[in-house]
Amino acid sequence: MFRLIFLALLAIALVAVASANRDTVTLRLLPQELDAYLGFGWSAELPLFLVIFAGIVAGLGIGFVWEWFREAKHRAAASQHKREAGRLEREVSRLKAAKPEPEDDVLAILEGKGAAR
């Protein structure tokens with residue numbers, strides 16, 4: 001319920017920002033002076049709210065990719081630990097299965113594998 005309320009409030013806020021910033025702005029790849037010097041340039045006329053929302057989406061995307069690269073060492077370590085744990089579990093299972101019978105009568109009685117005398 002709180003999630004839906006939050007999403008509704010967020011939608012209302014985004015619509016309010018979009019409706020308040022409908023004027024068009026010019027986005028340029030390079031400054032005008034550099035465009036004239038190099039002889040080429042790119043520009044686009046877009047509503048300001050699209051520029052704002054695109055900046056937010058681009059920032060989130062860059063942040064997610066940055067964190068994915070930053071956490072790569074943690075994922076690699078977790079994978080290595082998981083492999084090591086699996087290897088150790090297999091070794092414990094193998095050792096339990098190959099457990100020799102005790103040679104001592106007292107140990108046999110304590111473990112319940114020998115006949116009481």
Side-chain angles (χ1 to χ4, degrees):
M1 184 67 158
F2 291 116
R3 181 178 174 188
L4 292 176
I5 292 171
F6 173 75
L7 290 175
L9 291 175
L10 181 63
I12 291 169
L14 290 176
V15 168
V17 167
S19 65
N21 294 292
R22 290 180 292 173
D23 295 336
T24 58
V25 294
T26 303
L27 289 182
R28 297 184 186 280
L29 182 63
L30 300 171
Q32 283 181 318
E33 295 81 18
L34 198 54
D35 281 350
Y37 180 72
L38 295 176
F40 72 94
W42 177 84
S43 65
E45 297 280 331
L46 297 170
L48 181 59
F49 72 90
L50 284 180
V51 175
I52 292 171
F53 294 157
I56 291 170
V57 169
L60 285 172
I62 291 169
F64 286 143
V65 170
W66 184 271
E67 281 299 307
W68 186 77
F69 281 124
R70 191 183 69 81
E71 294 172 352
K73 61 183 173 215
H74 299 294
R75 287 191 307 275
S79 176
Q80 181 182 0
H81 292 308
K82 185 176 179 180
R83 282 192 306 271
E84 181 69 15
R87 187 188 66 78
L88 291 174
E89 285 177 2
R90 287 189 303 275
E91 184 176 347
V92 166
S93 297
R94 184 183 54 82
L95 290 174
K96 282 182 178 180
K99 184 176 176 183
E101 291 293 325
E103 295 177 10
D104 190 8
D105 290 336
V106 174
L107 290 176
I109 292 171
L110 288 176
E111 290 181 0
K113 294 187 178 187
R117 295 184 183 181

Distance-only donor-acceptor hits, side chain of residues 10-30, under 3.5 Å, sequence neighbours excluded:
from: Ser19; atom 1: OG; to: Val15; atom 2: O; distance (Å): 3.1
from: Ser19; atom 1: OG; to: Ala16; atom 2: O; distance (Å): 3.1
from: Asn21; atom 1: ND2; to: Val17; atom 2: O; distance (Å): 2.9
from: Arg22; atom 1: NE; to: Ser19; atom 2: O; distance (Å): 3.1
from: Thr26; atom 1: OG1; to: Glu45; atom 2: OE1; distance (Å): 3.4
from: Thr26; atom 1: OG1; to: Glu45; atom 2: OE2; distance (Å): 2.4

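Screening residues 58-81 for salt bridge (Lys or Arg N to Asp or Glu O under 4.0 Å) gives Glu67-Arg70 as the qualifying pairs, with residues at least two apart or on separate chains. A salt bridge (Lys or Arg N to Asp or Glu O under 4.0 Å) check over residues 57-66, counting only residues at least two apart or in different chains, returns nothing.
Once rounded to the nearest 0.5 Å, the distance linking CD of Glu89 with CZ of Arg94 reads 14.5 Å.
Cluster membership check: Ile62 does not share its hydrophobic cluster with Ile56, using side-chain heavy-atom separations under 4.5 Å among Ile, Leu, Val, Met, Phe, Trp and Tyr. Both Trp42 and Tyr37 belong to a common hydrophobic cluster when Ile, Leu, Val, Met, Phe, Trp and Tyr are linked at side-chain heavy-atom distances under 4.5 angstrom.
With Ser79 as reference, Arg83 is the one residue of His81, Arg83, Lys82 to meet the side chain to side chain contact (heavy atoms under 4.5 Å, CB included) rule.
For the salt bridge (Lys or Arg N to Asp or Glu O under 4.0 Å) test, residues two or more places apart in sequence or in another chain that qualify with Glu91 are Arg87. Remark: Ser93 pairs with no residue by the side-chain hydrogen bond (donor to acceptor under 3.5 Å, both in side chains) rule, at least two apart or across chains. Legend: residues meeting side chain to side chain contact (heavy atoms under 4.5 Å, CB included) with Leu4, ordered by chain and number and at least two apart, are absent.
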